[in-house]
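Everything below concerns the one structure shown next.
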2 protein chains.
Amino acid sequence: MRIDREQATQVTMPAKEHRRTRQRAAVDEVLDETDDFISAQELHALLRARGAGVGLATVYRTLQTLADDGRVDVLRSDAGEAVYRRCVREEHHHHLVCRSCGATVEIAGPTVERWAKSVADQHGYTDVSHTLEIFGTCPRCAAA
Amino acid sequence: MRIDREQATQVTMPAKEHRRTRQRAAVDEVLDETDDFISAQELHALLRARGAGVGLATVYRTLQTLADDGRVDVLRSDAGEAVYRRCVREEHHHHLVCRSCGATVEIAGPTVERWAKSVADQHGYTDVSHTLEIFGTCPRCAAA
DNA sequence: TGCCGTTTTGACAATGGTTGTCACTCTTGA
DNA sequence: TCAAGAGTGACAACCATTGTCAAAACGGCA
Ligand SMILES: [Zn+2]
Ligand SMILES: [Zn+2]
Ligand SMILES: [Zn+2]
Ligand SMILES: [Zn+2]
């Protein structure tokens, strides 16, 4: 297994400058309007539907860049597909996601962070990072 | 995005009976000997290397079945590849994985479980599940 | 032990998300 | 305005995973 996360650089690198293009603006716009996690394919379909055509490869590249710069959050759907979301918080946080409608709540708390750190310390692991997502049925979907 | 986890049934279903075959025994053996998370492809290559040839499709099916029965844990590598591991604990737990060598420590603690539950409750989410993995550099790799 | 319905296997095709290619276009700073 | 180089897009290539389906293996039963 290979696990390469650019953890160290992610914190120190100030996010390299990128050029402003119509395509990136279009992707940005969709991300701003969308509150759920969305896949590259879905985003591409949306853009095509609204007329602002953007190449699929470009959508992938743009999302990748945004993710690298920490401007969008990425997680993997159960199908293994990467899904993206522009989050309100810039800092490290996690997500409470509705399984049926995708409604997402951003979660940030020192509790888990401390716990993860302490667990890693206990076993002598260094340079620690973690992934954590909570899934459930949101109130609205539960009512339906 | 689609998130379909058979959460409810996973707890109640008593794991259906399966036939004993040479191929499944071979996969089982490798899993027992391997302490790291391993991908279907890697497992298949291992089997081929040690002479006990097993079809790739069979390896995939076997791992899938084992995962469904809760006899192996699955998580996704950064490359999005599914990786499997036979865990000591049968009950719900998490993993502290070394990024460079894959050495894994099983983690079980009520702290996060309670935290996740409480966070979900606060937002009215029900039928809650979560995914959590911790990555780091193990002492051995840090020393090297 | 031999038979039979059922499960499992495996070689291969097919799927589908993602990345690579490369000539062409656009952005940016001078 | 202009040149350098970043960005784009149509398409091919990749590669993990799943579907197909006839042949082989398994397990219970006579
Ligand atoms: Zn987020
Ligand atoms: Zn965290
Ligand atoms: Zn485990
Ligand atoms: Zn847990």
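Computed from a prediction, not measured in an experiment: that's the story for all the values here. In the text below, chain A, chain B and the rest are named by the order of the sequence lines, each starting its count at 1.
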Side chain proximity check, B:Val105 to B:Ile134, heavy atoms < 4.5 angstrom:
no

Output the rounded distance in Å from CD (A:Glu17) to C1' (D:dG7).
14 Å

Verdict with supporting geometry, A:Asp69 and A:His18, side chain to side chain contact (heavy atoms under 4.5 Å, CB included):
CA-CA 10 Å; A:Asp69 293 352; A:His18 298 293; 2.9 Å; yes

Counting only heavy atoms from other residues, nucleotides and ligands, does the tally under 6.0 Å from CZ of A:Arg50 exceed 12?
yes

Would you say the side chain of A:Val54 lies within less than 4.5 Å of the side chain of A:Arg24, judging by non-hydrogen atoms?
no

Partner of B:His93 by side chain to side chain contact (heavy atoms under 4.5 Å, CB included), out of B:Ile107, B:Asp73, B:Val88:
B:Asp73

First and last nucleotide of DNA chain C in contact with chain A, 5' to 3', at under 4.0 Å to a heavy atom: what are they?
C:dG17 to C:dT28

Look at A:Glu133 together with A:Arg76 and state whether they make a salt bridge at an N to O cut-off of under 4.0 Å.
no

How many whole angstroms separate atom CZ of A:Arg22 from atom C1' of D:dG9?
11 Å

Report yes if some heavy atom in the side chain of A:Trp115 is under 4.5 Å from a heavy atom in the side chain of B:Leu132; otherwise report no.
yes

Are any side-chain N or O atoms of B:Glu106 and backbone N or O atoms of B:Arg89, one a donor and one an acceptor, separated by less than 3.5 Å?
yes

Could you tell me how far apart B:Arg76 (CZ) and D:dC15 (P) are, to the nearest whole angstrom?
18 Å

At less than 4.0 Å, is any side-chain N or O atom of A:Thr21 found next to OP1 or OP2 of D:dT8? Yes or no.
yes

Any side-chain heavy atom of B:Thr131 sitting closer than 4.5 Å to one from B:His94?
no

Applying side chain to side chain contact (heavy atoms under 4.5 Å, CB included) to B:Asp121 and B:Lys117, what does each step give before you reach the verdict?
CA-CA 6 Å; B:Asp121 283 347; B:Lys117 184 75 171 63; 3.2 Å; yes

Output the residues of residues 57-65 of chain B in contact with DNA chain C, where contact means a heavy atom of the residue under 4.0 Å from an atom of the strand; sort by number or write none.
B:Ala57, B:Thr58, B:Arg61

Between B:Arg85 and B:Asp35, is there a donor-acceptor pair closer than 3.5 Å when you use the side chain of the first and the backbone of the second?
yes

Whole-Å distance separating the NE2 atom of B:His44 from the P atom of D:dT18
15 Å

Is there a residue in residues 23-34 of chain B whose heavy atoms reach under 4.0 Å of DNA chain D, and which residues are they?
none

At less than 4.0 Å, is any side-chain N or O atom of B:Arg19 found next to OP1 or OP2 of D:dA24? Yes or no.
no

Given atom CG of B:Asp68 and atom P of D:dT17, what is their separation to the nearest angstrom?
15 Å

By nearest nucleotide on DNA chain D, pick out whichever of B:Gln41 and A:Arg48 is the more 5' one.
A:Arg48

